[in-house]
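Here the structure comes first, spelled out in structure tokens, and everything after it is commentary.
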Amino acid sequence: MKAAIPLSITPMRSAVSAAPPVLPRAACVGFLLRCYSTPKFVAHHLWDPQHRETDRDHGMPAGVDENLRSQGFLKSVGPHAPATVRRRLANWSTLSKWRGFDGAFASPALKSAIRLAIRAAPRQRLRKSAKAVTGDVLAKLLATCATDSLRDLRDRAILMVAFASGGRRRSKIAGLRREQLTVEPPIEVPDGPPLPSLAIHLGRTKTTTGEQDDIVYLTGRPVEALNAWMAARKIESGSVFRGIGRWGTVSRRALDPQSVNAILKQRAVRAGLDVGEFSAHGLRSGYLTEAANRGIPLPEAMEQSRHRSVQQASSYYNNATRRSGRAARML
């Protein structure tokens with residue numbers, strides 16, 4: 001028996017028809033099922049901008065482009081990233097299996113088409129954040145959250161928790177719930193009072209499954225900032241970080257992940273920084289970069305950041321070492 005499809009998919013006309021069908025957003029993948037073969041999909045989404053200047057038929061045809069764009073299914077103005085194309089083909093493959101269809105998604109021909117398309121249309125891999133939010137940058141952002149207003153308390157907690165927890169992704173910060181927090185015994189330190197400690201149970205992340213209970217720890221100032229926000233808002237359950245209206249009304253709903261990025265950029269503007277150089281992902285890259293600058297061993301930093309790839313994590317360390325090393329100061 002074929003599995004039921006949890007999507008509303010209706011018959012559709014060709015992508016290049018004169019009167020494009022109006023599709024519900026949930027039917028986007030179904031639209032692709034009728035309009036594309038997998039090689040055509042690759043050719044339409046991985047193309048060379050320079051070749052396009054001399055051959056207007058190269059890449060996605062104008063009719064298909066206008067149809068998809070008018071319905072909100074296409075937003076990119078250039079070729080897509082190879083990872084984006086692979087991810088969408090994987091979604092397409094899953095939906096085909098749900099409908100009981102056989103596809104060529106694992107065929108050598110498709111893999112070869114993707115490989116050749118990438119080679120023919122090189123796309124520079126850009127950083128998600130032009131600059132890392134290192135300790136000095138973070139201090140400037142936090143300086144703009146100096147009052148006891150709800151907005152300042154919340155934003156200060158967001159920035160400190162996102163950074164100190166290993167550079168958590170904005171989706172994990174926006175979706176953080178009170179039930180994920182566990183109070184830990186204070187950390188004893190010489191020449192000072194004990195530091196408050198808190199555990200964050202991450203659950204499923206980009207690099208783990210829900211069966212693994214990944215935990216990261218907060219100590220000291222980030223815990224104090226988080227507790228100050230939760231006490232001011234009296235958050236005892238549910239979403240930790242919530243939206244705040246124009247008149248100071250706090251929503252019960254969790255922040256949207258994009259709001260975390262918007263908050264960082266707003267604070268960057270107030271701090272006099274170039275807003276185009278920083279994004280929420282800069283907190284993640286900034287954590288490892290700052291750890292490298294402070295001489296923290298890579299394995300210890302990875303325990304907090306939860307990076308699974310030593311190669312990826314070490315790239316931040318290598319960049320920090322090269323920039324301050326003797327080879328970069330020959331003159």
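- More than 12 heavy atoms of other residues, nucleotides or ligands shown are found within 6.0 angstrom of NZ on K265.
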Checklist entry - When you look at R168 and R306, which way does the side-chain contact (heavy atoms from CB on, under 4.5 Å) test go after all the steps? => result CA-CA 9 Å; R168 296 269 67 80; R306 309 311 296 167; 3.8 Å; yes
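- E179 and S237 make their closest contact through OE2-CB, 3.3 Å (heavy atoms, listed as atom of the first residue, atom of the second, distance).
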Checklist entry - Do R253 and S239 pass the side-chain contact (heavy atoms from CB on, under 4.5 Å) test, and can you show the C-alpha distance, the side-chain angles, and the key distance before you say yes or no? => result CA-CA 7 Å; R253 295 183 178 181; S239 301; over 6 Å; no
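- Within the 4.5 Å cutoff, side-chain heavy atoms of T289 are placed close to those of N293.
- Hydrophobic clustering, with ILVMFWY side chains joined whenever heavy atoms are under 4.5 angstrom apart, keeps V189 apart from L218.
- Residues L142 and R221 have side chains in contact (heavy-atom distance under 4.5 Å, counting atoms from C-beta outward).
- Contact detail for A225 and R156: the closest heavy-atom pair is CB-CG, 4.4 Å.
- In this structure, R178 contributes its side chain and M230 its backbone to no donor-acceptor pair below 3.5 Å.
- Taking 4.5 Å as the limit, some side-chain heavy atom of V133 sits within range of a side-chain heavy atom of L141.
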Item to check | Worked verdict on I200 versus T182 for side-chain contact (heavy atoms from CB on, under 4.5 Å) | outcome: CA-CA 7 Å; I200 301 179; T182 303; over 6 Å; no
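- By the 6.0 Å contact criterion, CD on E236 is open, its count of non-hydrogen atoms from other residues, nucleotides or ligands being 12 or less.
- A donor-acceptor pair is defined here as one N or O able to donate and one able to accept, closer than 3.5 Å; no such pair exists between the side chain of E290 and the backbone of T134.
- The line from CZ of F278 to CG of D274 is 7.5 Å long, rounded to the nearest 0.5 Å.
- Distance check, rounded to the nearest 0.5 Å: OG of S165 to OH of Y287 gives 8.5 Å.
- Side-chain atoms of R284 come within 3.5 Å of backbone N or O of G167 as a donor-acceptor pair.
- Counting only distance, with no hydrogens or angles, the side chain of Q304 and the backbone of V216 share no donor-acceptor pair below 3.5 Å.
- Here the straight-line distance linking atom CG of L150 with atom CD1 of I244 works out to 5.5 Å at 0.5 Å rounding.
- In terms of modelled atom types and a separation under 3.5 Å, the side chain of S259 and the main chain of L255 share no donor-acceptor contact.
- Checking side-chain atoms of R154 against main-chain N and O of R242 turns up a donor-acceptor pair under 3.5 Å.
- Not a single donor-acceptor pair under 3.5 Å links the side chain of R170 to the backbone N or O of H281.
- Interatomic distance, CG of L264 versus CG of L159, reported as 6.0 Å (0.5 Å rounding).
- Listed for the K131 side chain is no donor-acceptor partner under 3.5 Å among the backbone atoms of G282.
- Scanning both residues, I187 and S197, for their nearest heavy atoms gives CG1-CB, 4.1 Å.
- Under a cut-off of 6.0 angstrom, the local environment of CZ in R151 is crowded, with over 12 non-hydrogen atoms contributed by other residues, nucleotides or ligands.
- Atom CD of Q258 and atom OG of S171 lie 12.0 Å apart (nearest 0.5 Å).
- Side-chain contact between V260 and I158 is present, with at least one heavy-atom pair separated by less than 4.5 Å.
- A continuous path of ILVMFWY side-chain contacts below 4.5 Å connects V183 to L226, so both sit in one hydrophobic cluster.
- Classified by interplanar angle (parallel below 30°, tilted 30° to 60°, perpendicular above 60°), the ring pair W229/F241 is parallel.
- Counting only distance, with no hydrogens or angles, the side chain of D152 and the backbone of T147 share a donor-acceptor pair below 3.5 Å.
- In this structure, CG on D155 lies 7.5 Å from OG1 on T144, to the nearest 0.5 angstrom.
- A side-chain donor-acceptor contact under 3.5 Å links N261 to the backbone of A280.
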